[in-house]
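Lettering follows sequence order; numbering is per chain, from 1.
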Number of protein chains: 2
Amino acid sequence: MNEPAGKTTGDTRSRILDAAEVLFMDHGFDGTSMRMITSRAAVNLAAVNYHFGSKELLIQEVFRRRLTDLNKARLAALDVLEAEAGEVPIKPSRIVDAFFGTALRMAADVEGGGHTFMCLLGRTYTEPNEFVRQFLAEEYAECVERFLAALYRALPEVERKEILWRFHFMMGAMSYAIAGTDALQLVTGKFDDEDPSQLAPRLMSFLLGGLRSPLAEAGPPK
Amino acid sequence: MNEPAGKTTGDTRSRILDAAEVLFMDHGFDGTSMRMITSRAAVNLAAVNYHFGSKELLIQEVFRRRLTDLNKARLAALDVLEAEAGEVPIKPSRIVDAFFGTALRMAADVEGGGHTFMCLLGRTYTEPNEFVRQFLAEEYAECVERFLAALYRALPEVERKEILWRFHFMMGAMSYAIAGTDALQLVTGKFDDEDPSQLAPRLMSFLLGGLRSPLAEAGPPK
DNA sequence: GTCTATACCTGGATAGAC
DNA sequence: GTCTATCCAGGTATAGAC
């Protein structure tokens with residue numbers, strides 16, 4: 001998106017970011033050392049501090065370079081929907097696709113690193129690191145607000161609090177589905193032979209089913 | 001469950017386990033040092049190695065002591081359902097409640113530490129640590145197999161692969177809902193004033209909606 | 001059995017040569 | 001701008017005193 005006109009720095013910087021992205025996904029932030037990063041990137045140990053200032057700022061930049069684009073793409077998709085719709089309400093399934101489908105399409109990009117990043121992102125939603133959490137919250141704030149507002153308009157009969165909960169649940173199902181797809185086969189090892197492109201339609205169907213489910217204010221089933 | 005007849009050791013051991021559970025949830029495994037654990041437990045630095053052998057074995061024990069009971073409770077609930085049902089198929093909602101509802105009830109136990117543990121567990125589903133992952137897979141294997149089998153019987157018209165996917169999605173929604181409830185307020189800070197007991201019915205409704213959603217083999221909505 | 005003291009290693013970060 | 005050498009804080013684990 002923004003090319004800061006520097007071209008000599010670009011290469012080393014990018015190599016560090018790419019290496020860090022993969023390693024953070026595999027070993028977590030605390031589990032990844034500067035030495036692991038610099039040796040994978042084939043750069044000197046001091047390069048990270050030179051280019052980014054610290055490990056924390058490197059983490060931040062790893063997220064920023066992709067998350068900015070992802071949320072821009074989400075908002076652009078929502079802009080299109082809202083322009084098309086005019087006055088009539090947008091179908092919730094379209095809104096869900098603009099948010100979650102956009103992320104899933106990024107996750108399907110294995111070669112460009114989108115897949116790695118989405119795995120990392122999914123993993124990071126439950127990451128307790130204060131620094132990372134605050135940064136993510138800031139990066140997401142605008143995007144989430146606009147999508148929630150769109151869902152409120154699309155589902156005026158549903159209580160807003162309820163929509164908020166369900167958005168939360170959808171985030172969880174997606175994060176886990178992506179991060180779990182190749183990070184953990186807890187349930188069984190049975191996903192190995194699956195085509196990863198099957199994930200998106202299946203997950204979208206699940207999310208919409210959950211979103212539309214009756215509220216069930218009654219007592220528990222037992 | 002198993003009282004190894006030692007009573008002098010019990011106290012120190014438990015204090016270490018309780019301290020580790022909280023700290024692992026707050027800072028992750030790599031982010032929690034032995035010094036943090038032992039100082040919180042008010043025991044000596046050497047006590048962890050004395051009682052557990054290593055940090056990794058401590059992690060394992062933190063999970064084992066609660067997970068064994070959780071999965072026993074789940075299987076017991078399933079046993080009851082199967083005994084009651086006899087030949088007729090069990091309603092999927094009952095099966096889902098036996099698995100996820102049991103976990104949610106454990107998560108509602110704030111004082112006994114169940115809540116802390118479920119947060120930790122939810123966080124750990126996306127934890128890439130090889131050691132932990134393999135341990136969890138072993139602990140879960142039997143329980144998950146039996147619940148999947150029950151769902152296959154309850155939903156004979158749905159492809160098994162599809163059920164497997166949806167089970168996976170349900171796990172994700174639950175983990176994130178629990179771990180996110182007080183570990184990260186990414187979406188907004190708006191859950192703070194919520195009663196945590198509201199989570200269970202809302203989540204169960206969402207899960208069942210997703211489980212029952214039509215398969216949507218057609219193209220994407222766009 | 002439990003704790004004190006410590007060994008030994010790896011972490012992030014930096015100063016200064018090139 | 002990049003690399004080498006190094007600092008020192010903090011990591012796990014242990015040997016030996018109590």
What nucleotide, of [options], holds the atom closest to the side chain of [X]?
X       : options               : value
A:Ser54 : C:dA13, C:dG1, D:dA13 : C:dA13
B:Ala46 : C:dA13, D:dA15, D:dC3 : D:dA15
B:Leu45 : D:dA13, D:dC3, C:dA13 : D:dA13

> Think B:His51 has a side-chain N or O under 4.0 angstrom from the OP1 or OP2 of C:dG1?
Replying inline: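 It does not, given that no N or O in the side chain of B:His51 lies less than 4.0 Å from OP1 or OP2 of C:dG1.
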- request: Return no unless some side-chain N or O of A:Asn49 is found under 4.0 Å from OP1 or OP2 of C:dG12.
  value: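 Checking A:Asn49 against C:dG12: no side-chain N or O falls below 4.0 Å of OP1 or OP2.
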[atom1] of [X] versus [atom2] of [N]: gap in Å, rounded?
X       : N      : atom1 : atom2 : result
B:Arg13 : C:dG1  : CZ    : P     : 13 Å
B:His27 : D:dG11 : NE2   : C1'   : 16 Å
A:Phe52 : D:dG1  : CZ    : P     : 14 Å
B:Ile59 : D:dG11 : CD1   : P     : 14 Å
B:Glu56 : D:dG11 : CD    : C1'   : 14 Å
B:Lys55 : D:dT12 : NZ    : C1'   : 8 Å
B:Arg15 : C:dC3  : CZ    : P     : 8 Å
A:Asn44 : D:dT6  : CG    : C1'   : 13 Å

Q. Looking at DNA chain C, which of residues 29-37 of chain B put a heavy atom within less than 4.0 Å of it?
A.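 Under 4.0 Å from DNA chain C: no residue of residues 29-37 of chain B.
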### Message
Would you call the rings of B:Phe99 and B:Tyr140 parallel, tilted or perpendicular, taking 30° and 60° as the class edges?
### Response
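It falls in the tilted class, 30° to 60°.
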Next item on the list: Describe, in one word, how the ring planes of A:Phe100 and A:Phe167 are oriented to each other, choosing from parallel (under 30°), tilted (30 to 60°) and perpendicular (over 60°).
Entry: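 Answer is tilted, since the angle falls between 30° and 60°.
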- Query: Taking only residues two or more places apart in sequence or in another chain, which ones pass side chain to side chain donor-acceptor pair (under 3.5 Å) with A:Asn49?
  - Reply: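 A:Asn49 satisfies side chain to side chain donor-acceptor pair (under 3.5 Å) with no other residue.
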Given that B:Gly53 and A:Tyr50 both sit by DNA chain D, which one's nearest nucleotide is further toward the 5' end?
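Result: A:Tyr50.
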Is it true that [X] and [Y] have a side-chain N and a carboxylate O under 4.0 angstrom from each other?
X        : Y        : result
B:Arg146 : B:Asp79  : yes
B:Glu21  : B:Arg65  : yes
A:Asp97  : A:Arg105 : yes

| said: According to salt bridge (Lys or Arg N to Asp or Glu O under 4.0 Å), does anything in residues 32-61 of chain B pair up with another residue at least two apart or in another chain? List the pairs. | reply: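 Sorted pair list: B:Arg13-B:Glu61, B:Glu61-B:Arg64.
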